[in-house]
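The shown structure was predicted, so the numbers you read here are calculated from the model rather than taken from an experiment. Counting convention: from 1, in listed order, for ligands and their atoms alike.
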Amino acid sequence: MNPSQPRLINHLMPVTERPAEVFVRGEGAWLWDAAGTRYLDWLQGWAVNALGHCPPLITQALQAQSTKLLTPSPAVYNLPSLELAARLCELSGFAQVFFGSTGAEANEGAIKLARKWGRVQRAGAHEIITFDNGFHGRNLATMAASGKAGWDRLFPPQMPGFAKARLNDLDSVLSAINEHTVAIMLEPVQGEAGVRPATPAFLQALRQLCDERGLLLIFDEVQTGCGRLGHLFAFQKYGVTPDIMTLGKGLGGGVPISAVLAQAHCSVFEYGDQGGTYAGNPLMCAVSLAVLNVLSQPTFLAQVRAMGQLLRDGLEDLSAREGLGEVRGDGLLLALELGTDMAPAIVHECRAQGLLVNAARPHCLRFMPRLNSTADEIHEGLDRLGAVLRQTQKRAVFAA
Ligand SMILES: *Cc1c(COP(=O)(O)O)cnc(C)c1O
């Protein structure tokens, strides 16, 4: 079987452009295609594989739990979900958890929770202020919450109830508030927008505003949580505590699990309000427990910060040498601004050179290596990227 035969490809809905290679195996920082070519993977499933591809502890957790209990029903208790919820609350200071499978599902749960709270506590207030260029997922509610250009016209009618403000612009938030406003929801660092961090001052001002006006502050930490920024949760790094937080991606280290966490005062779901066939299934919860156990070690998080600094320093050197733009982000969620729309071409060339990176925007590259990256891997990736950038700049000069 040749998996790249057009005939086979034709049976998958063409929802995104994909390279011709078919990927068959991953181990740690590396990914192999069907032809046997090896790639250093700085996508890691879009910041999902926190511990790299196929870490043995996930295989072990899957094997052990799969011999005991897969999915008993979301309407009965199971041990891994009880343990994971307790552990997450202990590590974050939140009171209660609802589990889902995807980031979009968690964010939709957070939106429902805020609307429910508004109904019972705030006389029916329901509008949520979200941000231009924000990304919260691809179901109808989270598409409306997202601020991606053009998304409001993709599947009309768009779900109402989301007012848009601009990141790091408090006045734009203030002018979006009205008597129907119930919450402000944002990513502490906008990931899909090209790694654009909220400033600490902005987050603190939002916290104060929410306290003064009786609004909920919701952090979408699907990308920034679970150690990605070198702290277990971004809110701990910023010292600004939200009322509701969502997690996904790295929470499962490669398997689908997500979570909505709420403080006691706004954990208002009652029987019948929320559910899901796979909500808190023991198979995924057992994996997440094993992953979280590693991610939450202080020495592990210190190592993420050290590797993040190494990558940042290397990117800044490359940028200075090739005359490119700023490096943004924190920990192992970093972006390099290129100045021109050459990111897709660079991504293509990097893949040909055995390095997988993402063009978050046409003019910017995003890097999401595994959190347990070694210094050798960081240097290897920087070398490959440097060679590609050098070639591209040479060609650009030649063409000009
Ligand atoms: C990836 C992402 C989501 C969506 O997660 P899915 O698992 O794809 O539904 C939501 N919010 C943020 C910040 C993300 O990065």
Which pairs, with at least one residue in residues 244-294 and sequence neighbours excluded, count as a ring pair (Phe, Tyr, Trp, His ring centres under 6.0 Å)?
none
Whether the Thr246 and Asn107 side chains hold a donor-acceptor pair (N or O, under 3.5 Å, no angle test) is what I'd like checked.
yes
For Asp313, check side chain to side chain donor-acceptor pair (under 3.5 Å) against everything at least two apart and list the hits.
Gln309
Using heavy atoms and a cut-off under 4.0 Å, could you grab the residues that are in contact with ligand 1, chain by chain, numbers ascending?
Thr102, Gly103, Ala104, Asn107, Phe135, His136, Gly137, Glu187, Asp220, Val222, Gln223, Lys249
Can a donor-acceptor pair be found between the side chains of Gln208 and Glu212 at a distance below 3.5 Å?
yes
Sorted by first residue and then second, give each ring pair (Phe, Tyr, Trp, His ring centres under 6.0 Å) pair with at least one member in residues 157-181; sequence neighbours left out.
His126-His180
So, applying side-chain hydrogen bond (donor to acceptor under 3.5 Å, both in side chains) with Lys116, which one of Gln274, Gln121, Glu270 is it?
Glu270
